[in-house]
Peer 1: 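Quick one: the structure is below, questions incoming.
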Amino acid sequence: MISFTLNGKTVHAEQDETLFDIAQREGLSLPHLCSGYHTHNKADGNCRLCVVEVEGERTLSASCKRTVHDGMKVHTHSERVTKSRKMIMELLLADHPEHNQSPDPNAHFWQMADEVGIQTSRFSPRPTLEPDFTHPALAVNLNACIQCTNCIRACQDLQSNDVLGMFGRGARSTIAFDQNDPVFDSTCVACGECIQSCPTGALLPRDPQTGDAVTASNSLKRVDSLCPFCGVGCQLTYHVRDNRLIRVDGRDGPANEEKLCVKGRFGFDYIHHPQRLTKPLIRKEGAPKEQMDPANPLSHFREATWDEALEKAANGFKSFKGPELAGFGSAKGSNEEAYLFQKLIRTGFGTNNVDHCTRLCHASSVAALMEGIGSAAVSAPFMDALKSDVIIVIGARPAQNHPVAATYIKKAVKQGAKLIVMDPRRQALSRFADHMVQFKSGADVALLNAMIHTIIDENLVDEEYIKTYTQDFEKLRSRIQSFSPEDMAPVCGIAPNEIRKIARLYAGAKRALIFWGMGVSQHVHGTDNARCLIALALITGQIGRDGTGLHPLRGQNNVQGASDAGLIPMVYPNYQAVGDKTIHDRFADFWQAELDPDPGLTVVEIIHAIQARQIKSMYIMGENPAMSDPDTTNTRKALASLDHLVVQDIFLTETAMYGDVVLPASAFPEKTGTFTNTNRQVQLGRQAVDPPGDAKQDLWIICEIANRLGLNWSYDHVRDVYREMASVMNSLNAITWERLETENSLTYPNDQAVLFRNGFPTETGKGRIVPTDLIPPDEVPDTDYPFVLTTGRMLEHWHTGAMTRRAGVLDQIEALPVACLNPKEMKKRDIEAGDIITVSTRRGTVDIHARPDRDVPPGMVFIPFCFKEAAANLLTNPKLDPYGKIPEVKTCAAKVEKT
Ligand SMILES: Nc1nc2c(c(=O)[nH]1)N[C@H]1C(S)=C(S)[C@@H](COP(=O)(O)OP(=O)(O)OC[C@H]3O[C@@H](n4cnc5c(=O)[nH]c(N)nc54)[C@H](O)[C@@H]3O)O[C@H]1N2
Ligand SMILES: Nc1nc2c(c(=O)[nH]1)N[C@H]1C(S)=C(S)[C@@H](COP(=O)(O)OP(=O)(O)OC[C@H]3O[C@@H](n4cnc5c(=O)[nH]c(N)nc54)[C@H](O)[C@@H]3O)O[C@H]1N2
Ligand code: SF4
Ligand code: FES
Ligand SMILES: [Mo]
């Protein structure tokens with residue numbers, strides 16, 4: 001501790017604390033522009049507004065950069081300081097339009113001018129610059145820029161996107177996107193971090209509908225909530241005016257530290273889209289399900305009252321027996337909604353046929369993790385990347401799909417960590433990687449087993465760890481003999497030396513962390529892929545410590561929570577097996593209901609059971625299987641063949657079009673509930689606006705149906721549902737609703753960010769190593785279908801496009817369906833960028849625009865599944881992994897022709 005005097009008062013401080021922070025702590029306000037505006041942006045000391053006087057020193061010091069020493073005498077408002085601040089402000093004002101011409105007359109900049117007491121400038125202004133409105137998300141008016149460089153630091157240090165920099169010299173120097181390119185032509189990914197860091201209004205968000213710049217002061221109400229898109233679980237603040245969201249800012253959550261990505265910041269206006277469902281709909285008598293008119297889907301429906309629609313929905317369900325019924329719940333909904341949805345299916349329908357998109361997602365990872373280490377949640381949060389010295393990212397593209405999680409990986413690399421990316425396609429993280437291992441699609445087991453072979457062969461294993469915490473290592477040792485790097489090189493396409501290098505790097509690391517995604521899980525051998533990753537961590541002891549572990553990046557904002565809450569056919573809440581008699585009886589007693597003793601069917605199995613006429617009626621809430629399930633033609637036929645389908649959504653989706661009853665629900669910002677992100681952090685989403693028209697809260701709708709099935713539920717508030725749910729979930733025992741309201745984010749179990757420090761929750765307490773064999777993809781290229789088709793996502797769009805294609809900014813950035821091909825393949829076939837091509841597989845055909853993309857290797861075509869005009873799932877293979885029951889949407893054989 002250091003002792004010094006601040007304006008004559010003795011103050012104690014830490015050695016590395018800045019004067020600015022100390023002053024703030026002491027309740028002194030110091031004017032500031034280039035520091036202390038965005039909490040996590042690095043202090044820069046360039047605006048000089050925060051200067052203070054240190055007795056005996058010739059010059060004033062920027063307090064945001066100045067630390068203290070014993071005996072120092074500091075003055076924050078001496079005459080010299082005040083005079084200097086006034087001059088600085090006057091100079092800065094010369095770089096800014098008149099107050100009434102300012103892009104944001106209430107900006108922090110003007111508050112500082114007030115504080116300093118200066119409103120006009122005697123100095124001549126800079127040459128004026130053209131505002132840049134080329135990007136639908138960003139209003140750039142550098143006439144208001146004071147070059148505090150907050151935006152540059154936000155872009156480079158916080159997000160590591162490295163787009164913004166300085167350009168030019170002297171009075172002509174400006175902030176620039178890339179080489180001073182128009183924003184839309186630059187490599188800007190529109191995370192908007194620069195906007196949140198800009199204190200002057202030179203950078204502002206644009207209204208997605210009108211295109212006008214929106215200032216924070218335009219809002220009347222601010223509501224602290226969460227991003228509704230991905231499993232990162234960014235905290236944000238909604239700005240509301242007249243029951244409309246007008247702007248979103250990042251909030252200081254543990255998983256995002258004020259950062260957001262383009263979807264969280266600019267993708268909010270889907271909730272105001274004119275196509276929102278605002279009235280319950282009932283299918284018109286005789287309107288054929290097989291012949292929808294996609295141009296006018298509403299023509300098949302008539303509006304109904306809630307009473308009529310709910311009666312019809314419930315009566316329909318009542319006319320079928322348990323095994324004839326099924327439900328798809330939603331990972332976009334809250335924990336409370338997921339809990340009540342599965343409770344309704346199990347107690348009201350009398351079946352365990354309840355599942356959700358986790359089946360298409362990490363089902364195989366979950367199968368392998370449960371088998372291996374007895375728990376399927378991540379062992380460490382993604383922020384732990386900052387503590388790792390080696391990071392593997394395999395079959396995932398976080399910079400696109402978990403963008404804020406990716407900021408931690410990028411930052412770790414900048415701090416010296418080594419990154420290994422393993423993927424058949426290159427990606428935004430590749431430029432950060434020490435090893436970009438671009439291997440053959442579907443060859444994960446070959447590559448990973450060759451790494452395991454190297455680690456065992458070169459005795460890089462952690463013998464102590466293996467002895468204490470694992471079982472079945474000997475089985476692996478003998479089976480791995482046939483997987484030498486030399487033998488596996490032709491299978492995976494990676495040279496033996498490179499395999500050895502990355503194996504040594506991982507095993508030799510002090511702390512190594514593995515992230516994985518859909519490229520690992522969505523295969524017929526997805527469970528085997530994950531088994532290999534688990535084995536890698538177990539034999540090297542790279543788990544159970546800070547900066548180590550296994551992190552299957554969870555996709556949907558609440559897929560972790562929906563799974564925890566029991567939206568899974570074989571387990572009740574908190575993964576308690578349906579097939580276990582004691583557990584079954586306990587839940588039957590708790591819910592006062594007769595329960596189906598057998599595990600239910602999974603997502604794709606349910607579609608197959610409809611085709612077999614076993615399942616005749618379904619309740620689908622917040623999922624769009626007509627777009628997201630593989631082999632869409634057959635999925636849609638199945639949905640059309642149902643005798644009774646109730647869909648609860650916010651739009652008339654491709655799935656809702658097959659509904660007999662369609663119930664208009666509440667979107668994320670219209671409700672309150674808990675959500676669990678990929679880090680096992682439970683956080684509160686708070687209602688910011690009312691649902692439109694007659695649309696109702698999802699929770700209310702579920703309860704109304706339950707009561708019409710005779711369940712007699714009454715919950716006054718969502719917290720009552722939370723309490724009931726938490727009472728049957730040990731994992732939540734330390735997390736009360738009240739704590740959530742005040743503490744913002746709580747990690748289960750028991751606030752432990754890193755798990756398995758002393759073994760695993762298996763019967764033996766040890767992790768099980770499960771050896772794997774080579775299984776080729778179900779479909780490989782041949783002469784008829786010579787390409788590998790792979791499917792996935794793009795940064796701006798969410799899954800089936802239901803939400804993001806109705807979000808103004810996002811849809812303007814990515815407006816057309818595209819298939820990405822290596823430019824060489826395009827040249828060979830005389831295909832130009834933007835040409836329409838036909839991509840076909842054994843299941844279907846789509847016409848789609850070709851996009852040259854060097855990330856895609858020759859011989860591969862990539863199609864994102866968000867475009868209904870060219871639905872990728874018309875093409876995909878529904879073949880399942882036998883353990884996880886996940887379909888192989890990451891690879892099948894395809895043909896590409898110029899149309
Ligand atoms: N922008 C956006 N973000 C999202 C989503 C979204 O729809 N849009 N969805 C969310 C959801 S639910 C999920 S699950 C996550 C998914 O996030 P990711 O797991 O990152 O998803 P994908 O883009 O489907 O595929 C990941 C990677 O797998 C690679 N891959 C393909 N075949 C193979 C293979 O054989 N082996 C290996 N190792 N890799 C392969 C692909 O090239 C791709 O880079 O994203 C979440 N975030
Ligand atoms: N080819 C291919 N197919 C895939 C994948 C792939 O990589 N390739 N990935 C798979 C994966 S990992 C996943 S997770 C699935 C995702 O598949 P889905 O979950 O079917 O996809 P979403 O588009 O997210 O569907 C969410 C639905 O919920 C609605 N919705 C949004 N908010 C709310 C709300 O608050 N209440 C209600 N009631 N409804 C709401 C939306 O309008 C939308 O219709 O797709 C899978 N399918
Ligand atoms: S990273 Fe995920 S949670 Fe965060 S703003 Fe983007 S989509 Fe939302
Ligand atoms: S805030 Fe300290 S120099 Fe700008
Ligand atoms: Mo997912």
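Atoms within each ligand, like the ligands themselves, are counted from 1 in listed order.
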Peer 1: Given D224 and R222, is the salt bridge (Lys or Arg N to Asp or Glu O under 4.0 Å) satisfied, shown in steps?
Peer 2: CA-CA 7 Å; D224 286 348; R222 294 177 193 195; over 6 Å; no
Peer 1: Given that the side chain starts at C-beta and the backbone is N, CA, C, O, which of these parts of N46 lies under 4.0 Å from ligand 4, counting heavy atoms, or is it both or neither?
Peer 2: backbone
Peer 1: Is it true that some N/O/S atom of C261, main chain or side chain, lies under 2.8 Å from atom 6 (Fe) of ligand 3?
Peer 2: yes
Peer 1: Does the plane of the ring in F20 sit parallel, tilted or perpendicular to the ring in H32? Use 30° and 60° as the thresholds.
Peer 2: perpendicular
Peer 1: Using a strict 4.0 Å cut-off to heavy atoms of R48, name the atoms of ligand 4 that fall inside it.
Peer 2: 3 (S), 4 (Fe)
Peer 1: Angle at atom 4 (Fe) of ligand 4 between SG of C47 and SG of C34, to 10°?
Peer 2: 120°
Peer 1: Using a 4.0 Å heavy-atom threshold (strictly under), name the region of K65 that reaches ligand 4: side chain, backbone, both or neither.
Peer 2: neither
Peer 1: Hey, is V51 touching ligand 4 through its side chain, its backbone, both or neither, going by heavy atoms under 4.0 Å?
Peer 2: neither
Peer 1: Any idea which atoms of ligand 4 are less than 4.0 Å away from a heavy-atom of L33?
Peer 2: 1 (S)
Peer 1: Would you please say whether a donor-acceptor pair under 3.5 Å links the side chains of R66 and S61?
Peer 2: yes
Peer 1: I'd like to know if atom 2 (Fe) of ligand 3 has an N/O/S atom from C230 within less than 2.8 Å of it, counting both backbone and side-chain atoms.
Peer 2: yes
Peer 1: Hydrogens and angles aside, do H799 and R793 bring a side-chain donor and acceptor to less than 3.5 Å of each other?
Peer 2: yes
Peer 1: In terms of atom number and element, which parts of ligand 4 are under 4.0 angstrom from non-hydrogen atoms of C50?
Peer 2: 1 (S), 2 (Fe), 3 (S)
Peer 1: Just go through P199, S35, S63, G45 and tell me whose heavy atom is the nearest to atom 1 (S) of ligand 4.
Peer 2: S35
